[in-house]
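Below is one structure, written out as structure tokens; comments come after it.
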Amino acid sequence: MQQANKREAGELKFSYGGQAVIEGVMMRGAHSMAVAVRNPKGEIVIHEQPLSARLYRGRIAKTPFLRGLIGLWDALGLGIRALMWSADVALDEEENISFNGPIGWATVAISLLIGVGIFFLLPTTAATGIGSLLGLSASSQEIVVDADGNEVLVAPESSNFLAYEALPIGLDAFLINLIEGVVQLTILVVYIWFVGRTNDGRRIFAYHGAEHKTINAYEAGDELRPEVVSGHAIEHPRCGTAFLLTVVFVSVMLFSLIGRPPFALLILSRVIFIPIVAGVAYEFLKYTASNLDKPWIRFMIQPNLALQHLTTNEPSLDMIEVAIVSFKRVLLSEGIVQEEEAEIPKPRPESATSLLPE
């Protein structure tokens with residue numbers, strides 16, 4: 001992203017990120033993460049946690065394609081547990097929840113299984129069935145011996161679209177993989193649309209907009225005040241929504257290189273290739289975000305930016321304030337701001353009333 005020369009060299013070497021949670025924002029840096037949530041009293045409650053040096057500042061974070069795994073961990077590890085914590089705070093039921101330990105790992109494991117099932121295995125199965133209906137894949141045949149001792153091919157008595165002949169690399173395999181990508185994208189868009197129709201969903205998407213605006217303001221070198229931050233763009237090229245759309249595109253291209261193996265191997269390949277797909281998608285986003293001065297790059301990322309309008313809403317100033325608090329706590333952990341700059345502001349009377357359903 002283009003940056004105004006308003007800071008000393010070196011401050012913007014790390015690509016900060018975050019996500020919206022219930023009535024708040026989670027921000028992540030290289031050394032720590034912070035979740036800021038506004039409770040029903042209008043107070044901003046903070047949870048801060050140091051991050052693993054091995055994961056975020058070690059070899060994985062510096063190795064191309066492997067560092068995409070950190071993005072998955074942010075969404076499934078930190079993100080989901082931050083979301084659970086924020087729900088307790090927003091309901092005024094704050095507990096001393098550890099983001100580590102058996103409960104945390106169990107949450108990640110269950111979330112991973114659900115995510116893989118909905119966004120990978122379900123589209124794979126659906127695309128296989130659609131491909132069979134369109135005649136792009138043939139049912140597997142059995143070899144039997146007739147009365148004269150000759151081997152003949154016969155179709156099985158029961159029709160099962162999952163029992164198809166493996167397709168080599170070619171047009172038919174590419175078309176079915178393309179259908180799989182379309183199904184993935186459809187599920188993603190419908191899910192986002194459904195969430196965005198709810199009152200809670202609209203507020204989360206507004207906090208998502210506040211997160212984007214805050215990081216955009218910082219990367220532009222502007223002062224982190226709600227009135228200033230509110231004037232920045234609501235889209236960001238490194239957004240997780242953009243990451244998901246890129247994953248769909250990379251999946252179609254990558255899976256087309258292996259054709260359509262038998263269904264059991266097909267399902268296994270989708271699981272095994274998740275880290276590879278994530279790694280390629282991450283590098284694509286990182287490259288495009290660093291080369292926005294090139295017209296063809298700006299043209300290429302337009303679908304990613306357009307999709308973000310489904311997951312972001314314009315935030316209010318008090319929402320932006322929460323995002324700024326979370327981000328400044330991360331900057332404090334890295335020595336970029338002083339303690340007085342990262343102080344948690346006192347609640348304003350209108351902050352509590354702003355939490356009422358719209």
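Panel note: side chain S251, backbone V247; a donor-acceptor pair is recorded below 3.5 Å. A side-chain donor-acceptor contact under 3.5 Å links R298 to the backbone of L292. In this structure, N216 contributes its side chain and E219 its backbone to no donor-acceptor pair below 3.5 Å. Judged purely by atom type and a 3.5 angstrom limit, T241 has no side-chain atom pairing as donor or acceptor with the backbone of Q308. Side-chain atoms of S326 do not come within 3.5 Å of backbone N or O of A323 as any donor-acceptor pair. A donor-acceptor pair is defined here as one N or O able to donate and one able to accept, closer than 3.5 Å; no such pair exists between the side chain of D222 and the backbone of V229. For the pair R202 (side chain) and R197 (backbone), a donor-acceptor distance under 3.5 Å is present. Looking only at distances, no side-chain donor or acceptor of E343 sits under 3.5 Å from a matching main-chain atom of E339. With hydrogens and angles ignored, the 3.5 Å screen pairs a side-chain donor or acceptor of T198 with a backbone N or O of G201.
Considering only residues two or more places apart in sequence or on other chains, Q338 meets the side-chain hydrogen bond (donor to acceptor under 3.5 Å, both in side chains) condition with none of them. For Y191, the side-chain contact (heavy atoms from CB on, under 4.5 Å) criterion is met by V195, not counting sequence neighbours. With sequence neighbours excluded, the residues satisfying side-chain hydrogen bond (donor to acceptor under 3.5 Å, both in side chains) with E48 are R329. For H31, the side-chain hydrogen bond (donor to acceptor under 3.5 Å, both in side chains) criterion is met by no residue, not counting sequence neighbours. Contacts of I258 classified as side-chain contact (heavy atoms from CB on, under 4.5 Å), with partners at least two apart in sequence or in another chain: F255, S269, R270, F273. Not counting sequence neighbours, the partners of T124 by the side-chain hydrogen bond (donor to acceptor under 3.5 Å, both in side chains) test are E180. The ring-ring contact (aromatic ring centres under 6.0 Å, His included) test applied to F205 returns no partner, not counting sequence neighbours. For P303, the side-chain contact (heavy atoms from CB on, under 4.5 Å) partners are L245, not counting sequence neighbours. Remark: L83 engages V21, I22, S86 in a side-chain contact (heavy atoms from CB on, under 4.5 Å) (not counting sequence neighbours).
Taking 4.0 Å as the cut-off between side-chain N and carboxylate O, E283 and R67 count as a salt-bridged pair. Salt bridge annotation for E23-R203: present, with a cationic side-chain nitrogen under 4.0 angstrom from a carboxylate oxygen. Ion pairing of R38 with E321 is present here, as a side-chain N (NZ or NE/NH1/NH2) and a carboxylate O approach within less than 4.0 Å.
To the nearest 0.5 Å, atom CD1 of residue I179 and atom OG1 of residue T186 are 11.5 Å apart. Between the CD1 atom in I297 and the CD atom in Q302 there is a gap of 11.5 Å [rounded to 0.5 Å]. We find the CG-CD1 distance between L188 and I118 to be 11.5 Å, quoted to the nearest 0.5 Å. Here L265 contributes atom CG and I272 contributes atom CD1; the two are 9.0 Å apart, rounded to the nearest 0.5 Å. Atom OG of S230 and atom CD1 of I320 lie 5.0 Å apart (nearest 0.5 Å). Between atom CD1 of residue I267 and atom OG1 of residue T128 there is a gap of 7.0 Å, rounded to the nearest 0.5 Å.
L244 and I234 are not part of a single hydrophobic cluster, where members link through side-chain heavy atoms under 4.5 Å apart. The same ILVMFWY cluster, assembled from side-chain heavy atoms under 4.5 Å apart, contains both M26 and V45. Criterion: ILVMFWY side-chain heavy atoms under 4.5 Å apart, direct or through other members. Under it, L122 and V182 are not part of a common hydrophobic cluster. Grouping the Ile, Leu, Val, Met, Phe, Trp and Tyr side chains by contacts below 4.5 angstrom, directly or via other members, places F119 apart from V190. Linking ILVMFWY side-chain heavy atoms closer than 4.5 Å, directly or via other members, places I169 and F263 in two distinct hydrophobic clusters.
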| side chain to side chain contact (heavy atoms under 4.5 Å, CB included) evaluation trace for L285 with I301 | CA-CA 9 Å; L285 287 184; I301 67 170; over 6 Å; no
| Please walk me through it: do Y207 and Q19 pass side chain to side chain contact (heavy atoms under 4.5 Å, CB included)? | CA-CA 8 Å; Y207 275 105; Q19 74 171 60; over 6 Å; no
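In this structure, the side chains of M27 and V25 come closer than 4.5 Å at one or more pairs of heavy atoms. Contact of the F284 side chain with the V280 side chain is not registered, since no non-hydrogen atoms from C-beta on lie closer than 4.5 Å. L224 has its side chain within reach of K328: a pair of non-hydrogen atoms, C-beta onward, lies under 4.5 Å apart. Between H236 and I215 there is a side-chain heavy-atom pair separated by less than 4.5 Å. Between I276 and L254 there is a side-chain heavy-atom pair separated by less than 4.5 Å. Contact annotation: the side chain of P123 approaches that of I187 to within less than 4.5 Å [non-hydrogen atoms, C-beta and beyond]. Looking only at side-chain heavy atoms (C-beta outward), I130 and L136 stay at 4.5 Å or farther from each other. A 4.5 Å side-chain heavy-atom check between I44 and P345 finds at least one atom pair inside the cut-off.
Residues V252 and G181 approach most closely at CG2-CA, 3.8 Å, considering heavy atoms. The two residues V322 and A36 come nearest to each other via the heavy atoms CG1-O, 3.2 Å. Across all non-hydrogen atoms, the minimal contact from P64 to K62 is CD-O, 3.5 Å. N177 and G259 get closest at one heavy-atom pair: ND2-O, 3.9 Å. Between I324 and P226, the shortest heavy-atom contact is CD1-N, 3.5 Å. Summarising the geometry of V330 relative to S333, their closest heavy-atom pair is O-OG, 2.6 Å, with the distance given to 0.1 Å.
In this structure, Y282 has its ring center no closer than 6.0 Å to that of F243.
Cluster partners of F194 are W193, counting Ile, Leu, Val, Met, Phe, Trp and Tyr whose side-chain heavy atoms approach within less than 4.5 Å, directly or via other members.
Sorted by first then second residue, the salt bridge (charged side-chain N to carboxylate O under 4.0 Å, His left out) pairs that include residues 119-133, not counting sequence neighbours, number zero. Within the structure, salt bridge (charged side-chain N to carboxylate O under 4.0 Å, His left out) contacts touching residues 205-218 (residues at least two apart or in different chains) are K213-E314.
The aromatic rings of F327 and Y16 stand perpendicular to each other, their planes meeting at an angle above 60°, with 30° marking the opposite boundary.
Residues T288 and R238 have side chains that never bring a donor and an acceptor to within less than 3.5 angstrom of each other.
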